Amino acid sequence: MVKESFGTDGRDNPVELFTLSNGNGTKVKISTLGATVVSFLFLDKTGTLRDVVLGYDSAEDYLKNNGLYFGASVGRCANRISNAKVTIDGVEYALEANSGSNNLHSGSNGISYKIWEVEHIDEEANCLALKIVSADLEQGFPGNMTIRAIFTLTEEDALHIEYQAVSDKTTIANFTNHSYFNLAGHDSGNISGQKLKLYAKAFTPLAPKDSIPTGEICSVEGTPFDFTDFKEIGRDIEATDKQITYARGYDHNFVLENQGELKLMAEAECEETGIHLYAYTDRPGVQLYTGNFIHGHMGKQGAFYGERHGFCLESQYYPDAFRHPDFQKPLILAGEAYKAHTVFRLKLKED
Ligand code: BGC
């Protein structure tokens, strides 16, 4: 595993970048800042190495653009918590209101932009395990929590991402990886022409303001949210459907039917490069986010990134679950082990 310097966290603490590579020439780069997937390089159908995730060239650039969460590990609670408050065991905890009056991705100063420690490297298994300790009431959440992010690249070009956490108090655990995929290459612009299939027959609609779910679970049938068969991501993205206009595109949680087992959540493909993505998770939901709020700016190797230049498949518990009786709660008891497993596998499409 190659290790390079990736800059600092702005306080002179060094950040490292690890490269996992397999025998097919596939490479995954992981930064210790935020346990972040910086690059996912794969040979396309013409033999060109394509980097299919958005990112930056240094830790400093990640810190500068910290509202976007490019490739980051997000937690302790991914997605939104309304009114930035949560009650656990009868005690109300105040969180940072960093998205209107709500909490988004646990606040602006969380694990996504902190340095993780290298706990273990297994060269043979092509595996990197990172660890971070989040103190009691850090970001407002109860319990001292030890969090692990374990990245493995297989010879089948699958990137396994496993999150593990344990706390000394009952608390929230809901971690996700926030990679923005562009299967034409990170520097190739709008993803609207790429095709997507989701293994979800229902989604959780949003209230008109602030991207908070209403609590309903609605069928995707006959709506722009129907990705049960491959469809161009952009086909219905300009629809006048209110749900689409609330989020300026897709930024919604889809209901998966995996019953807690690792199963396909999504597939995506790009005709020009022939790159096909298979995404698996054991989580109950996935947030499809089509990069609706990426402001025009510079990314890796001088690439221009703008609106809809990447799509995210954020495996998760449903957003704002504490407010909705029908949503499974992302809670763990003191000492209980949290585990979440998500896989992103790349493959060339067979013609
Ligand atoms: C959220 C978006 C947000 C983006 C970047 C996504 O997970 O659903 O609303 O803009 O993350 O923070």
Side-chain angles (χ1 to χ4, degrees), residues 33-37 53-56 61-82 84 95-113 139 161 163 172 174-182 186 191 196 198 200 203-214 225 233 237 243-256 265-266 279 281 283-297 299 305-321 327 330 340 342 344:
L33 186 85
T36 296
V37 178
V53 294
L54 274 56
Y56 303 106
D61 286 346
Y62 279 88
L63 290 166
K64 211 163 63 195
N65 295 291
N66 74 0
L68 291 167
Y69 297 88
F70 279 6
S73 289
V74 177
R76 301 178 187 192
C77 189
N79 215 303
R80 289 177 169 80
I81 297 176
S82 60
L95 312 169
E96 185 191 348
N98 62 329
S99 177
S101 55
N102 306 310
N103 178 265
L104 172 62
H105 297 326
S106 309
S108 56
N109 189 29
I111 58 161
S112 307
Y113 294 99
Q139 300 171 277
I161 306 177
Y163 290 110
I172 295 187
N174 181 25
F175 295 90
T176 198
N177 176 266
H178 208 293
S179 287
Y180 289 67
F181 288 93
N182 187 329
H186 75 103
I191 44 82
L196 178 70
L198 294 175
F203 76 112
T204 54
L206 302 176
K209 256 190 73 199
D210 294 339
S211 295
I212 294 289
T214 58
F225 296 86
I233 295 173
I237 214 167
Q243 284 297 321
I244 291 283
T245 57
Y246 292 160
R248 293 183 33 206
Y250 296 100
D251 193 359
H252 295 76
N253 172 64
F254 286 74
V255 173
L256 298 171
M265 63 168 165
T281 194
R283 300 294 88 198
V286 60
Q287 183 89 2
L288 169 64
Y289 172 54
T290 45
N292 314 327
F293 306 108
I294 304 177
H295 54 275
H297 69 292
Y305 296 153
E307 245 173 54
R308 305 212 174 115
H309 283 206
F311 64 90
C312 303
L313 295 166
E314 303 156 52
S315 55
Q316 61 181 4
Y317 285 94
Y318 307 168
D320 204 24
F327 292 5
T342 297
F344 296 113

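Each ligand, and each atom within it, is numbered from 1 in the order the structure gives. As the structure is a prediction and not an experimental result, all values here were calculated from the model. For the single chain, residues carry numbers from 1 onward in sequence order.
Regarding atom 7 (O) of ligand 1, its nearest protein heavy-atom neighbour is E314 OE1, 2.6 Å. Regarding atom 6 (C) of ligand 1, its nearest protein heavy-atom neighbour is H178 NE2, 3.3 Å.
Of the listed residues (F175, Y69, Y113), just one forms a ring-ring contact (aromatic ring centres under 6.0 Å, His included) with H105, and that residue is Y69.
Considering both main-chain and side-chain atoms, G67 comes within under 3.5 Å of ligand 1 through a nitrogen or oxygen pair. Remark: ligand 1 and H105 share an N or O pair separated by less than 3.5 Å (distance only, no angle test). Between R80 and ligand 1, at least one pair of N/O atoms sits closer than 3.5 Å.
Going from atom CZ of F70 over to atom CD1 of I294 covers 4.5 Å, rounded to the nearest 0.5 Å.
Per-residue contacts place Q287 under 4.0 angstrom from the following atoms of ligand 1 (heavy atoms of the residue considered): 8 (O). Ligand 1 places these atoms under 4.0 Å from at least one heavy atom of Y180: 5 (C). Residue contact check: Y69 has heavy atoms under 4.0 Å from atoms 12 (O) of ligand 1.
Remark: the H186 side chain and the Y305 side chain contain an N/O donor-acceptor pair separated by less than 3.5 Å. If you check the side chains of E314 and N79, you find no donor sitting under 3.5 Å from an acceptor. At a cut-off of 3.5 Å, with distance as the only test, no side-chain donor of Q139 or N109 sits close to an acceptor on the other residue. Counting only N and O atoms by type, the side chains of Y56 and H297 include a donor and acceptor under 3.5 Å apart.
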Where do L68 and H178 land on the side chain to side chain contact (heavy atoms under 4.5 Å, CB included) test, with the steps shown first? CA-CA 9 Å; L68 291 167; H178 208 293; over 6 Å; no
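Between atom 8 (O) of ligand 1 and the options N66, D210, D251, the minimum heavy-atom separation is to D251. When F293, F70, Y289 are checked for heavy-atom proximity to atom 4 (C) of ligand 1, Y289 turns out nearest.
Looking only at distances, no side-chain donor or acceptor of E96 sits under 3.5 Å from a matching main-chain atom of A84.
For Y250, no heavy-atom contact with ligand 1 is shorter than 4.0 Å.
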